[in-house]
Amino acid sequence: MSQVRVRFAPSPTGFFHIGSARTALFNWLYARHTGGVFVLRIEDTDKERNSEQFLQVIYDSLSWLGLNWDEGPGVGGAYGPYRQSERADIYREYLAKLKATGRTYEKDGAVWFRLIGDRTEVFDEHRKKTVTKVKAAPTVIQDLIRGRVERVEDEDFVIFRSDGNPVFHFVNVVDDIAMGITHVIRGEDHLSNTSKHVELFKAFGVPVPHFAHIPLILKQQGAGKMSKRDQGALIEEYQRRGYLPEALVNFLCLLGWNPGGDLEKLPLAEIIRLFDLPGVNQSNARFDDKKLAHMNMVYLLALAPDEFVARARAYFERHHPAAPALQAAPEVFQAVMLLAQPKIKGLEELPAYTAYLFTEDYPVDAKVKEKVMGKGDPKTRLTELIASLPGFDFTSDAAIEEGIKALAAKGSLGFGDYQAVARLAVSGTNAGPSITSLFRLLGRDRVRQRLERCLAG
RNA sequence: GCCCUCAUCGUCUAUCGGUUAGGACAGGAGAUUCUCAAUCUUCAAAGCGGGGUUCGAUUCCCCGUGGGGGCACCA
């Protein structure tokens, strides 16, 4: 059997949509699963929406997700060029081939593709105009996911515009032929285009590729498919928020596909091994950001300490270059980040979550302050803590815990009676890592200063 | 309006005619704990409706209904 060749063919619109990402992913997975070739082709025939900057969004997003292409812009290949804007000669050549078959005609300055069948003029109520209907035989689409789909294509269609440029249907099919594409894996929204494409393949006298129309991703709330404007629709948002690409990939592959059994988090190599087209679902999937967030947390938790610290640093450098965290000594940065690792759901929480460990200029939650300072006798607790601080052993969490417990025991109190107010004083909030860890990392002097400041304020 | 397509907990899904319909996220309760998370235990939660086929249908077929997509000299 010949080698599988699949392609991902986005048009540079300046956005990289989560649905596009999944289409790319499924293509990539199928190529990797079968030992085939993943081609990146840029469909930039729409000249008004064409810019280098927009292309970069595609390259960046695919690279970030780890979806490397075997042929395409930047890497080359034997079937190039891979940008449609550079393939005009090829399209003219194929147009000549098609003209030679007698399946084309010109009308209104455009080139049309002629279907086979009897023609009648009909007034289309919906479009409010007279159109030529063709009584053609149904086109059969053999879809690897949906099975046999029949559709009647009943109107000739334009393949070259009157301005001399080819249209999507034509370039899409020509490129798939010229690039030796064996499997067309794309969104279900293309299913009704496919009958046009099949007719073109047949007219060119070439074998029709296998088709696999994957279900769409529906917006989280409201009706319809996910669109650019929806929350969570853009890949760049996940980059910005410090999501782990491997988590997003894992989440995405579970939207419309499953590895069987109860497996959910699984390594990429395993996904590649198990992925296959017949296993893809037929029904659309609604996007669920909660589940994505959970998947991200699971991946974050599983990261080796060094790896987590490296990712955290990269995240700060990329998105918060001015953060005090980056001024800290590497070992301090590392210690703080590892304290945060088991507590956060995403890297984006890191700056706020760790700020008070790197600077004296951190926010104090007014509500928390009111609550903590209004309960029991916090000022006395603070005074006691400050007084006993010199006797504390700051070398380990256990020693600090011992110190606080000893203090509490003297007044028949518990650890908890000191914890809340100490936390407020030291961090300005009521949530965070163990208070003993905070003490240890801040050191005796800074803890004392903060306790005193709280007592005074 | 026409064409195509899909249909299991709120959501993502498992089940390839016979199951107490399973798992995960989210939600509820509890445990643990110095807070917050995490973790563990636990509860609630589904086969769209109507006809068939069959000894037996969530599963196969048909019709409805509902969802989604498409119907350009956009891609």
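Below, chains carry the letters A, B, ... as their sequence lines are ordered, and counting in each starts from 1.
Near-neighbour residues of RNA chain B inside residues 215-225 of chain A, defined by a heavy atom below 4.0 Å, number-ordered: A:Leu216, A:Ala223, A:Gly224, A:Lys225.
In this structure, the side chain to side chain donor-acceptor pair (under 3.5 Å) partners of A:Asp154, at least two apart in sequence or on a different chain, are A:Lys133. In this structure A:Asp163 satisfies the salt bridge (Lys or Arg N to Asp or Glu O under 4.0 Å) test together with A:Arg161, sequence neighbours excluded. Under the rule for a side chain to side chain donor-acceptor pair (under 3.5 Å), the partners of A:Arg92 that lie at least two apart in sequence or sit in another chain are A:Asp89. Every residue was checked against the salt bridge (Lys or Arg N to Asp or Glu O under 4.0 Å) condition with A:Glu93, not counting sequence neighbours, and none meets it. With sequence neighbours excluded, no residue forms a side chain to side chain donor-acceptor pair (under 3.5 Å) with A:Tyr243. In this structure A:Asp143 satisfies the salt bridge (Lys or Arg N to Asp or Glu O under 4.0 Å) test with no other residue, sequence neighbours excluded. With sequence neighbours excluded, no residue satisfies side chain to side chain donor-acceptor pair (under 3.5 Å) with A:Ser388.
Within the nucleic acid shown, A:Gly256 comes within 4.0 Å of sugar-phosphate atoms alone, with no base atom in reach, counting heavy atoms only. Base contact: A:His169 has a heavy atom under 4.0 Å from a base atom. Using a 4.0 Å heavy-atom criterion, one finds that A:Asn281 contacts the sugar-phosphate atoms exclusively. At a threshold of 4.0 angstrom between heavy atoms, the contacts of A:Asp154 with the nucleic acid are absent.
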Pull out every protein N or O sitting under 3.5 Å from an N or O of nucleotides 2-8 of chain B, one pair per line with the distance.
residue, atom, partner, partner atom, Å
B:C3, O2', A:Arg151, NH1, 3.3
B:U5, O2', A:Arg146, NH1, 3.1
B:U5, O2', A:Glu188, OE2, 2.9

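Between A:Arg83 and A:Glu52 there is a salt bridge, since a side-chain N of the basic residue sits under 4.0 Å from a carboxylate O of the acidic one.
Between B:A14 and A:Asn258, a contact under 4.0 Å exists linking OP1 or OP2 to a side-chain N or O.
Taking atom C1' on both B:C63 and B:C55, the two are 26 Å apart, rounded to the nearest angstrom. Distance noted for atom C1' between B:A21 and B:U59: 12 Å (whole Å). A distance of about 10 Å separates the C1' atoms of B:U8 and B:U15, rounded to the whole Å.
Figure legend. B:G30 is base-paired to B:C40; pairs are counted as Watson-Crick or G-U wobble with both atom distances under 3.5 Å.
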Indicate for each nucleotide in nucleotides 30-40 of chain B, in 5' to 3' sequence, whether protein heavy atoms under 4.0 Å reach the base (B), only the sugar-phosphate (S), or nothing (-). ----BBBBS--
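Side chain A:Asn193 to base B:A75: a donor-acceptor pair is found below 3.5 Å.
Between A:Ile145 atom CD1 and B:C16 atom P there is a gap of 21 Å when expressed in whole angstrom units.
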Can you give the donor-acceptor pairs under 3.5 Å from side chains of residues 106-117 of chain A to other protein atoms, not counting sequence neighbours?
residue, atom, partner, partner atom, Å
A:Trp112, NE1, A:Lys107, O, 3.3

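Within the structure, ring-ring contact (aromatic ring centres under 6.0 Å, His included) contacts touching residues 277-297 of chain A (residues at least two apart or in different chains) are A:Phe251-A:Phe287.
Under the 4.5 Å side-chain criterion, counting only non-hydrogen atoms from C-beta, A:Asn250 is in contact with A:Tyr299.
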